[in-house]
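A note on names: the letters A, B, ... follow the listed sequences, proteins ahead of strands, and every chain is numbered from 1.
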Amino acid sequence: MNSSRNIINVHSTINSGQYFLWEKRNNSWYGIYDDSILKITLHKHRNNLVYEHDSFPRIEDWPQHVFRLDDKYDEIINEISKKDRIIEKITKEHFGLRIMRQKPIQCIISFLCSSNNNIPRIRLILRNLSRKFGKRIEWDGNTFYSFPTLRTLSTISQSELLHCGFGYRAEYVRKTVISIINQEIDLKFIKDTDYTKSKQEILKLAGVGEKIADCILLFAFDKLEAFPMDTWIIKHFQKKLDYMKTSGLDFKINDKITPKQYRLISKKIREHYGKYSGYAQQFLYYNIREENSRRW
DNA sequence: CGCCAGGGATCTT
DNA sequence: AAGATCCATGGC
């Protein structure tokens, strides 16, 4: 008893740059999960925060799946804290920060949109896409739009994508949707196989490089060892060179890293943090963003 | 005006 | 193989 397995810091989790289609209306968070709307509301109960969940169309007990309550949270925190004092500190500060499971297509399109972009605008573009091409859903006194299906995505013209704000990424979206529809990549294989092979497969998609591949594998395909390295994570490591030498993370890092450097550093990091590296990354990323008072 | 934003593709050296 | 450049868009 008193296991932390079901502890969720809902606010931190939703606002940690991993899942862009969440929105607070009135006193509840609403998330788009392909063609369903998820709802979560926090209440105080005897000095404790408890949450109440709902969804439409109904998904039975969705928090279990989406917030990954099946993960052994305590064991994971312990594992990534063990050899790393920074992680040990920030996992305490942001305890309850979770990695969320996303729907593959939605996650892939979302992170295609993330290259050379900022989070508020990623959210805006994805909302534009859903509003124009998703299904209108009236529920709970609000209007929502589902995420477009793969079939619908395949019918959207370039100019319509540009009008959503995709910019040069519109071409990536078009090519990627075609690749998936034509089964040039195997999503089931990606789900079932190990990290290295699944990464090789997802990298076939246009607009998916090392970093975005890691995001997709971590957030939609259960590859918890994936450690996405964006500009913020890289800046963080640049500042902690002395710490890293003593912790076994011994590498030099420049502002811009090549794919080869990315793979080398990624390998060292995964050897350092272990099979739950993705959780370490999410805590680090959240902490860096908080320190820099970034807007989500 | 320039710089930056959860980078990646492509062209040049 | 590594480095330089371009990419569309909006906030500041």
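- As a whole-Å value, the separation of A:F166 CZ from C:dG10 C1' is 16 Å.
- Among the atoms of the strands shown, none is found under 4.0 Å from any heavy atom of A:T258.
- The phosphate of B:dG7 (OP1 or OP2) has a side-chain N or O of A:T231 nearer than 4.0 angstrom.
- Taking the six-membered ring for Trp and the full ring otherwise, A:F111 and A:F20 have centroids separated by under 6.0 Å.
- Of the candidates B:dG6, C:dA2, B:dA5, the closest approach to any side-chain atom of A:N116 belongs to B:dA5.
- Straight-line distance between the P atoms of B:dG6 and C:dG3: roughly 25 Å, to the nearest whole Å.
- Rounded to a whole Å, the CD1 atom of A:I122 is 7 Å from the P atom of B:dG7.
- Distances from the side chain of A:Q18 to the nucleotides C:dC7, C:dT9, B:dG6 place B:dG6 closest.
- Contact of the A:K204 side chain with the A:S179 side chain is not registered, since no non-hydrogen atoms from C-beta on lie closer than 4.5 Å.
- OP1 or OP2 of B:dG6 has at least one side-chain nitrogen or oxygen of A:R289 nearer than 4.0 Å.
- In terms of phosphate contacts, A:K260 brings no side-chain nitrogen or oxygen within less than 4.0 Å of OP1 or OP2 of C:dA1.
- Rounded to an integer number of Å, the gap from A:N118 CG to C:dC12 P is 10 Å.
- Going from atom CG of A:D230 over to atom C1' of B:dC4 covers 13 Å, rounded to whole Å.
- A salt bridge does not link A:D214 to A:K223: none of the charged nitrogens lies less than 4.0 Å from a carboxylate oxygen.
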Before giving the answer on salt bridge (Lys or Arg N to Asp or Glu O under 4.0 Å), spell out for A:K268 and A:E271 the whole-Å C-alpha distance, their side-chain angles and the decisive distance to 0.1 Å.
CA-CA 5 Å; A:K268 290 191 177 187; A:E271 284 165 1; over 6 Å; no

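- Using a 4.0 Å cutoff on non-hydrogen atoms, the parts of residues 171-181 of chain A near DNA chain B are A:Y172, ordered by number.
- Aromatic ring centres of A:F221 and A:F189 lie farther apart than the 6.0 Å criterion allows.
- One can place CD1 of A:I202 at 12 Å from P of B:dG8, the figure rounded to the nearest angstrom.
- Using P as the reference atom, C:dA2 and B:dA5 are 25 Å apart when rounded to the nearest Å.
- Note: CZ (A:R263) to C1' (B:dG7) measures 15 Å, nearest angstrom.
- The side chain of A:K235 has B:dA5 as its nearest neighbour among C:dA2, B:dG6, B:dA5.
- Both A:V208 and A:S114 sit near DNA chain B, but only A:S114 has its closest nucleotide nearer the 5' end.
- A donor-acceptor contact under 3.5 Å links the side chain of A:Y168 to the base of B:dG7.
- Atoms CD1 (A:I234) and P (B:dC4) sit 15 Å apart, rounded to a whole Å.
- Using cut-offs of 30° and 60° on the angle between ring planes, the pair A:Y30 and A:F144 is tilted.
- Look at the P atom in both B:dC11 and C:dA8: the space between them is 15 Å, to the nearest Å.
- Once the 5.5 Å centre distance and the 30° plane angle are applied, the aromatic ring of A:Y285 is found stacked with the base of B:dG6.
- Judged by the 6.0 Å and 45° rule, A:R270 forms no cation-pi pair with A:F227.
- A:D214 has its CG atom 17 Å from the P atom of B:dG6, to the nearest Å.
- When the side chains of ILVMFWY residues are joined at heavy-atom separations under 4.5 Å, either directly or via intervening members, A:L97 and A:W232 end up in a single hydrophobic cluster.
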